[in-house]
Structures are given as structure tokens and as C-alpha cells.
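Working notes, structure below.
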2 protein chains.
Amino acid sequence: MKLSQGVEWGVHCCLVLGQATAPVPAARLAVYHGVSQTYLAKHLQALARAGLVRSTQGQVGGYELTREPGAITVLDVVSAIEGDAPAFRCTEIRQRGPLGTPPERCLRPCAIARAMAAAEHAWREALRAVTIADLTEDVQEDTDGAAMPRLRAWLAA
Amino acid sequence: MKLSQGVEWGVHCCLVLGQATAPVPAARLAVYHGVSQTYLAKHLQALARAGLVRSTQGQVGGYELTREPGAITVLDVVSAIEGDAPAFRCTEIRQRGPLGTPPERCLRPCAIARAMAAAEHAWREALRAVTIADLTEDVQEDTDGAAMPRLRAWLAA
DNA sequence: GCCACCTTACTCGGATAAGGACTGTCCGAGTCGCTAAGG
DNA sequence: CCTTAGCGACTCGGACAGTCCTTATCCGAGTAAGGTGGC
């Protein structure tokens with residue numbers, strides 16, 4: 001089990017966009033993070049499709065958040081990049097083989113699937129509890145309040 | 001993010017082995033579940049490497065649990081199949097780019113990595129709370145107590 | 001001086017290749033039980 | 001009748017291809033700003 005690289009990039013981009021006062025082009029976000037410009041663009045498209053960011057074309061275009069940072073959770077970003085499909089997919093093994101349970105007896109999901117779904121629910125809730133604003137504050141504390149002012153100055157330049 | 005197919009197979013195999021009183025060959029487990037024999041063998045090797053099951057060769061050989069079902073958690077099986085690597089891998093984006101934070105300033109893990117790690121911890125704890133014995137009981141209830149006796153009879157035949 | 005048009009440059013968006021991991025398969029090494037011969 | 005050596009069959013274990021998804025990239029469509037010419 002592994003998460004896509006794009007998740008990390010997407011969250012970082014949301015942190016940056018939360019500090020911006022004007023649309024930021026994808027290329028500028030890529031330079032700031034030191035990653036591939038074209039590939040980051042692909043992930044930003046996913047964020048746009050999910051409605052987390054809005055894209056503007058033209059000379060002063062770019063990406064900007066559609067909601068305030070406190071209203072965007074990490075789960076929103078992860079779901080936008082990774083999709084909503086559950087990590088564990090029950091293939092109904094219990095219905096197969098010589099002692100397979102008939103489908104009409106399988107009213108509830110498989111016990112294994114239930115346990116897996118409960119664990120994924122806990123994972124999602126933990127991600128839902130953290131917003132972009134929370135992360136921004138954490139980064140501020142980690143850097144003694146230096147990161148965000150520097151970032152805003154770099155965005156303005 | 002998706003889990004390997006082998007996780008589902010591995011848990012099901014542990015459920016069966018928990019009911020067995022003698023080693024069960026991999027081929028028999030595959031027939032019972034209606035899955036590929038050779039591919040299931042590959043995943044059983046992973047369970048053996050993790051010390052969850054013991055393999056015996058020879059004519060009456062096969063696999064058997066090393067611990068009682070109540071002492072094996074779903075997390076044990078998932079870790080055996082998927083490995084212990086965390087799903088989210090921080091690539092230290094904060095250290096890159098024109099405003100990268102110097103490594104000597106990065107004492108704590110990245111705030112994003114901390115949030116992701118907390119969520120994964122919640123996921124792991126939820127899986128650790130469920131044992132093979134718990135799942136066996138759940139399946140019993142789902143089938144009105146019919147599944148395990150039938151399984152034991154099939155194993156004896 | 002003001003307005004409309006055009007050019008230009010910049011932006012995003014989807015369609016297109018390469019690499020790696022999961023999936024699926026095979027055959028060889030090792031081990032145990034059974035059989036048969038000898039004492 | 002008991003012991004022991006050999007044989008045979010069954011088991012696991014690691015090494016080998018195929019396929020899907022993630023990664024990475026490119027070029028075309030669209031848009032807004034700025035400049036220029038006309039009124």
C-alpha cells in the first residue's frame with residue numbers, strides 16, 4: 001500500500017495557495033517546490049476537478065483556492081488526488097470455492113471487509129480533522145514564524 | 001492508494017488455518033477459496049517469513065498457525081503481506097526550491113508527514129484491535145453458526 | 001484624448017510514452033511416509 | 001516378528017514472464033492584458 005507522490009505535492013501547493021492573494025501559475029508552484037513543472041500540472045488538474053482550486057487562464061492567470069484554508073481538509077486533498085475508491089476491495093471470496101456461501105445469504109458485507117472499512121474510516125477521520133490552516137500554523141511554529149512571511153514575500157516578487 | 005489482493009487472501013487463509021488441527025497444503029487452501037494455487041503460495045510464503053504460519057514439508061505437510069487465532073491480529077497479516085513501509089513517504093519538499101529550509105533546521109518531521117503518520121497510526125490501531133478469532137466469531141454470526149462446522153468437516157475429509 | 005481592434009504572450013487542459021510494481025506461473029530442492037527386504 | 005534401508009510421492013521455496021497503474025512529458029486550445037491605429 002502506498003500513496004501517490006501527488007498527495008504530498010498537492011498538500012504543499014494548498015499551503016502555498018493559502019498564502020497567496022492572486023492566482024499562482026503552476027510553473028511558479030513547481031519552481032517553488034523544486035519539482036517537475038509538467039507533472040505537477042497534472043495533479044493540479046485533479047485538484048481543480050475536485051473543486052478545491054479554481055484555475056484562471058491568461059497572462060495573470062493561475063490557481064487559487066476556492067475556499068479558505070480552514071475549510072479545506074487534508075482528506076479533501078487526498079481524495080482529490082487518489083480518488084474515493086477504498087483501499088481494500090472485497091472480491092467476495094466467501095462466495096467462491098466448494099463451500100461458497102450463496103449470494104442470497106450474503107446480506108451484510110464480509111466480516112473482513114467490515115474490519116478493513118472500519119480501519120479506513122478511522123484513517124479518513126484523522127485526515128478530515130486536519131485542515132490546511134492547521135498545517136500552516138504547524139509550519140509557522142516549526143520555523144519560528146519565519147516561513148509564511150518569506151513565502152508571501154516570494155509570491156509578491 | 002490500494003491494498004494488494006494478497007491481503008484478502010491472507011486473512012481468509014488465517015481464518016481457515018485457525019480451524020485446522022493438522023497442516024493444510026497451499027493447494028488445498030487455494031481450492032477452498034477458489035483462487036490461483038501458485039499465486040496463493042507466493043503470499044503464504046510472505047506469511048511464513050513474517051512468522052505467522054509455519055510450513056511443514058513432506059506428504060502430510062502444509063501450513064499451520066504458529067499462534068492461537070486470538071493472538072494474531074489483522075494488522076499482523078497486513079504487515080506481512082504489504083510490508084511495514086508507511087503509505088505516505090515524505091520527500092522533504094520543504095528542503096527544496098529557492099526557499100528551502102536548511103536540513104539543520106528540520107529537526108522535527110514535516111508537519112504534513114506528522115498528520116499523515118497520525119492517520120496511519122489510527123488505521124493500524126484499528127487493524128490491531130481485530131484478531132483472527134474476532135473475525136471467526138463474526139463469520140459464525142453471519143452464517144448462523146453454519147460456516148465453521150462445515151469448514152472443519154471439509155478439512156477433515 | 002478616447003475607443004475599438006488586433007497582436008502577443010501567457011495560461012491551462014487533455015492526449016501521449018516510459019518505468020516500476022502487482023499479478024500470475026513455472027520448475028527444482030527438500031522432506032516425510034510407505035514399502036520391502038534382511039536379520 | 002522387528003529393524004532398517006531405499007523408494008516414491010508430496011510439499012514448499014525461490015526464480016521467471018505478463019499486465020496494469022504510477023510517473024513523466026509534450027503540444028494544442030483558450031484567454032486576458034497590452035499596444036496600436038483610427039475616430
Side-chain angles (χ1 to χ4, degrees), chain A residues 1-10 13 17 20 22-66 78 80-89 91 93, chain B residues 1-10 13 17 20 22-31 33-66 78 80-83 85-89 91 93:
Chain A
M1 184 180 82
K2 67 182 179 64
L3 267 70
S4 166
Q5 185 84 43
V7 170
E8 185 183 9
W9 296 11
C13 284
L17 293 179
V24 184
R28 195 160 175 76
L29 285 171
V31 168
Y32 177 81
H33 294 118
V35 298
S36 162
Q37 298 189 11
T38 53
Y39 191 30
L40 178 63
K42 190 176 187 63
H43 291 306
L44 288 171
Q45 289 171 26
L47 294 181
R49 272 192 291 269
L52 295 180
V53 301
R54 173 194 4 261
S55 65
T56 312
Q57 286 191 335
Q59 273 189 329
V60 294
Y63 288 96
E64 56 191 341
L65 295 182
T66 57
V78 172
I81 303 285
E82 288 283 328
D84 286 331
F88 180 86
R89 295 149 295 150
T91 59
I93 283 185
Chain B
M1 185 179 81
K2 67 182 179 65
L3 269 70
S4 166
Q5 185 83 45
V7 170
E8 186 183 8
W9 296 12
C13 284
L17 293 179
V24 184
R28 197 160 175 76
L29 285 172
V31 169
H33 293 119
V35 299
S36 161
Q37 298 190 11
T38 53
Y39 191 30
L40 179 62
K42 190 177 188 63
H43 291 307
L44 288 171
Q45 289 170 27
L47 294 180
R49 271 193 291 270
L52 295 181
V53 301
R54 175 194 4 262
S55 66
T56 312
Q57 286 191 336
Q59 273 189 330
V60 295
Y63 289 95
E64 56 191 342
L65 296 182
T66 57
V78 172
I81 303 285
E82 288 283 328
F88 181 84
R89 294 150 295 148
T91 59
I93 282 185

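Just so it is clear: chains get the letters A, B, ... in the order the sequence lines come, proteins before strands, and each one is counted from 1.
Here the side chain of B:Q5 is nearest to one of D:dT25, C:dT23, C:dA9, namely C:dT23. The side chain of B:T38 approaches C:dT25 more closely than any other nucleotide in the set D:dT25, C:dT25, D:dG13. In the set D:dT22, C:dG33, D:dT11, D:dT11 carries the atom at the smallest distance from any side-chain atom of B:P25. For B:Q57, the listed nucleotide lying nearest its side chain is C:dT31; candidates were D:dC10, C:dT31, D:dA29.
Look at NZ on A:K42: it is 10 Å from C1' on C:dG13, rounded to the nearest Å. Summarising the geometry, the separation between NE2 on B:H43 and C1' on D:dC12 is reported as 16 Å, rounded to the nearest angstrom. One can place CG of B:L44 at 13 Å from P of D:dT11, the figure rounded to the nearest angstrom. C:dT31 atom P lies 15 Å from atom OH of B:Y63, rounded to whole Å. Atom CE in A:M1 sits roughly 14 Å away from atom P in D:dT22 (whole-Å rounding). In this structure, B:R28 atom CZ and D:dT11 atom P are separated by 10 Å, rounded to whole Å. If you measure from atom OH of A:Y39 to atom P of C:dG20, you get 14 Å, rounded to the nearest angstrom.
Using modelled atom types, one side-chain atom of B:T66 and one backbone atom of B:L52 make a donor-acceptor pair closer than 3.5 Å.
For C:dG14, one of the phosphate oxygens OP1 or OP2 lies less than 4.0 angstrom from a side-chain nitrogen or oxygen of A:R49. At the phosphate of C:dT11, neither OP1 nor OP2 sits under 4.0 Å from any side-chain N or O atom of A:T56. For C:dT23, the OP1/OP2 oxygens have a side-chain nitrogen or oxygen of B:S4 closer than 4.0 Å.
Side-chain contact between A:C13 and A:H43: absent, with no pair of heavy atoms (C-beta onward) separated by less than 4.5 Å.
Residues B:V60 and A:A48 each lie close to DNA chain C; by heavy-atom proximity, the contact nearer the 5' end of the strand is made by A:A48. Residues A:Q37 and A:E82 each lie close to DNA chain D; by heavy-atom proximity, the contact nearer the 5' end of the strand is made by A:E82.
Within the nucleic acid shown, B:A26 comes within 4.0 Å of sugar-phosphate atoms alone, with no base atom in reach, counting heavy atoms only. Within the 4.0 angstrom heavy-atom criterion, only backbone atoms of the sugar-phosphate kind lie near B:S36; the bases stay farther away. If you check every strand for non-hydrogen atoms under 4.0 Å, B:R54 touches nothing.
One can find a donor-acceptor pair under 3.5 Å joining the base of D:dG14 and the side-chain atoms of B:Q45.
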